[in-house]
Amino acid sequence: MANNYPKLKNELLNSPNSRSKQLELRDELIEVSKLIRVIDQAREQRGLTKKQLAELSGIEPANIRRLLTAKPKNLSLATLVRLSKAREL
């Protein structure tokens, strides 16, 4: 059986639908990153520590630290909503 992976990969990456989806996902990630920055700036303006934000939002402090100091990998919309509600952002 021949390895068709390179050909399939090339077809998928270069198809119009795939490219459109990639751009859509990129735009969503950019918006999420902006929202995270807004939340972190609001936290700092209010003089809150990351631990205090965690307590207000009901999110584990380690998750808050990861969210605000690293590129998020699996950020859920629910997490963003909880953070926003905690600080009324």
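Atoms CD1 and CG, on Ile36 and Leu68 in that order, are 7.5 Å from each other to the nearest 0.5 Å. The distance from atom CZ of Arg65 to atom CD of Glu60, rounded to the nearest 0.5 Å, is 9.5 Å.
Put simply, the side chain of Gln52 gets close to the backbone of Thr49: a donor and an acceptor are under 3.5 Å apart.
Side-chain contact between Thr69 and Lys50: present, with at least one pair of heavy atoms (C-beta onward) separated by less than 4.5 Å. Annotation: side chain of Ile59 is not in contact with side chain of Leu53 (no heavy-atom distance under 4.5 Å). Lys34 has its side chain within reach of Ile30: a pair of non-hydrogen atoms, C-beta onward, lies under 4.5 Å apart.
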**Request:** Report the C-alpha distance between Arg37 and Asp40 in whole Å, list the side-chain angles of each, state the deciding distance to 0.1 Å, and finish with yes or no for salt bridge (Lys or Arg N to Asp or Glu O under 4.0 Å).
**Result:** CA-CA 5 Å; Arg37 283 196 306 268; Asp40 198 29; over 6 Å; no
**Asked** What's the verdict on side chain to side chain contact (heavy atoms under 4.5 Å, CB included) for Leu56 and Leu48, showing C-alpha distance, side-chain angles and the deciding distance?
**Response** CA-CA 10 Å; Leu56 288 169; Leu48 293 172; 3.9 Å; yes
